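Quantities reported herein were computed from a predicted structural model and do not represent experimental measurements. One is the number of the first residue; the rest follow in order along the sequence.
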Amino acid sequence: MKPPVRPAVLASPDYPFSPVDAAIKLDQNESAEDFPAPLKALVLERLAQQDWHRYPDLNSDRLRAAIASHDSWPAPGVVVTTGSNVLISLLIQMSALEGRVITVKPNFALYGLDARLLGAALTEVPLKVDYTIDVDAVIDALTSTLPSDGPTRSAPAGVIYVPRPHAPTGSLVALQDLERLADASTGWLLVIDEAYHQFCGTDATALARRYPHVVLLRTFSKAWGLAGVRLGYALASDHIAAQLQKLVPPFAVSVMQTICAEVALAHPGYMHDRVAATLAERERVSAALADYPSWQVIPSHGNFLLIRTPDAAAAFNALLARGVLVRRQDSHPGLEGCIRVSIGTRADNDAFLKAAGVGASR
């Protein structure tokens, strides 16, 4: 007899990522530079002073307080986990089991993967032709009906995932449009994924303060340069955070993760400097590609560029043959021919431009 594995798990594909070795790695939207060496040394010094045989904080209360101070958010409304991707699943467990998940298409793969794994009815709203989120269509989806074996049934509520900025396109939904969605989604959980918010200059904090059903997701993996540490968090109303915390395993965040984040939060200047450098490089690379005869650069508010090419496979392979790894996006609907290029260091970006056959812009 076969082990009891749920059909949804058996039917689920693996996460769509295959590691590839390359001298220049511009495929995962990581920080262009590593965590600063002096801060690494400080982390290791503090870590050596800890008792490793003791469990960490039950609910990461010390780190929650540090995040709350940095983000100007009440500490009881902060929930910390080992990556904001974990929170995507936990929020569905909290609010959408036997309910619905609405998001956009294309999107971060885990929205759909987790919805299907957890048995939620998934609605994916296509982007507009200009790659922006169709907020009116998302609002319409809230009251749509779902097919069933019998008569058409009313759609239950659940969770809405809206990335801001959107990945992989880099488009940015306007805050006033998000407010319209918040007004229309009473009875739902509206989750705004702000993984890249430092690169767009705005965030939805004020909106989340006004609407208790709005939750913000943030991460230490992008602008903070701590992808290898695996740490993310939610900002929510006290009530939502208290319920969400029940789904986080006890002692979930390690001593090392806690100290890394605390040191980063105590020295935010390095992050702001690197964001500024990334924005300057994003504009420089975009300008250098502007006159490329067959590539179209999509305006971006993230730490990456989406580029439409005549043939994504050919572009990917040509770049890889010259030692530069980017990410193909042509399997997504509406992104035929597209590749996504993370913004790296100036040297990385020059290598990419040279590999692409473009002269580096000064």
Side-chain angles (χ1 to χ4, degrees), residues 28-31 63-64 66-74 77-92 101-104 106-111 114 132-133 135 138 159-179 181-182 185 188-227 229-237 240-241 244 261 264-265 268 271-272 274-275 278-279 282 300-304 342-343:
Q28 286 190 277
N29 297 347
E30 297 152 321
S31 172
L63 181 52
R64 292 168 73 185
I67 291 170
S69 177
H70 179 272
D71 287 22
S72 300
W73 194 266
V78 179
V79 179
V80 186
T81 64
T82 54
S84 58
N85 55 345
V86 174
L87 288 161
I88 292 170
S89 175
L90 296 184
L91 288 162
I92 296 172
V101 169
I102 298 176
T103 186
V104 296
N107 57 27
F108 181 38
L110 283 183
Y111 303 145
D114 284 343
T132 59
I133 293 175
V135 173
V138 174
V159 181
I160 310 160
Y161 287 107
V162 176
R164 186 181 191 272
H166 176 268
T169 68
S171 67
L172 189 71
V173 61
L175 288 172
Q176 57 264 36
D177 287 331
L178 274 184
E179 185 158 12
L181 180 54
S185 59
W188 290 72
L189 204 63
L190 174 55
V191 181
I192 304 171
D193 191 339
E194 294 192 319
Y196 301 97
H197 76 94
Q198 292 95 338
F199 302 102
C200 72
T202 66
D203 60 51
T205 303
L207 184 76
R209 291 188 194 283
R210 296 198 303 274
Y211 293 87
H213 66 294
V214 172
V215 177
L216 309 182
L217 297 186
R218 294 182 177 174
T219 181
F220 285 92
S221 295
K222 306 300 181 183
W224 291 100
L226 291 171
V229 174
R230 306 306 302 126
L231 203 59
Y233 58 97
L235 302 180
S237 67
I240 291 296
L244 183 59
L265 291 165
M271 183 269 290
H272 295 301
R274 291 181 176 184
V275 167
T278 296
L279 297 183
R282 185 182 72 193
S300 174
H301 295 85
N303 65 339
F304 55 87
S342 305
I343 299 300

Are side-chain heavy atoms of [X] and [Y] found at a separation under 4.5 Å?
X	Y	value
L178	V214	no
N29	P168	no
F220	I67	yes
Y161	V159	yes
T202	R164	yes
L279	V275	yes
L231	L226	no
S72	R209	yes

Quick one: closest heavy-atom pair of [X] and [Y], and the distance?
X	Y	result
W73	A236	NE1-O, 3.0 Å
L265	L63	CD1-CD1, 4.1 Å
G225	S31	CA-CB, 3.5 Å
F304	T169	CE1-C, 3.9 Å
V104	P163	CG2-CD, 4.1 Å
A182	L207	CB-CD1, 4.4 Å

Is [X] reaching over with its side chain to a backbone N or O of [Y], donor-acceptor style, under 3.5 angstrom?
X	Y	value
R282	G302	yes
H166	P106	yes
H301	S171	no

| CG on L181 to CD1 on I192, rounded to 0.5 Å |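 One finds 8.0 Å between CD1 of I192 and CG of L181.
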| task | Tell me, please, which residues at least two apart from R218 pass salt bridge (Lys or Arg N to Asp or Glu O under 4.0 Å). | result |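 Residues passing salt bridge (Lys or Arg N to Asp or Glu O under 4.0 Å) with R218: D71, E194, D203.
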| request: Check the angle between the aromatic planes of H213 and Y211 and answer parallel, tilted or perpendicular using the 30° and 60° thresholds. | output: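 Because their plane-to-plane angle is over 60°, the rings of H213 and Y211 count as perpendicular.
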| task | Not counting sequence neighbours, which residues clear ring-ring contact (aromatic ring centres under 6.0 Å, His included) with F108? List them please. | result |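 With neighbours one apart ignored, the set is Y111.
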| side chain to side chain contact (heavy atoms under 4.5 Å, CB included) assessment of V78 paired with L235 | CA-CA 5 Å; V78 179; L235 302 180; 3.8 Å; yes
Report all side-chain donor-acceptor pairs from residues 84-91 shorter than 3.5 Å, counting only partners two or more places apart or in another chain.
unit_1	atom_1	unit_2	atom_2	d
N85	OD1	R230	NH2	3.4
S89	OG	Q93	NE2	3.1

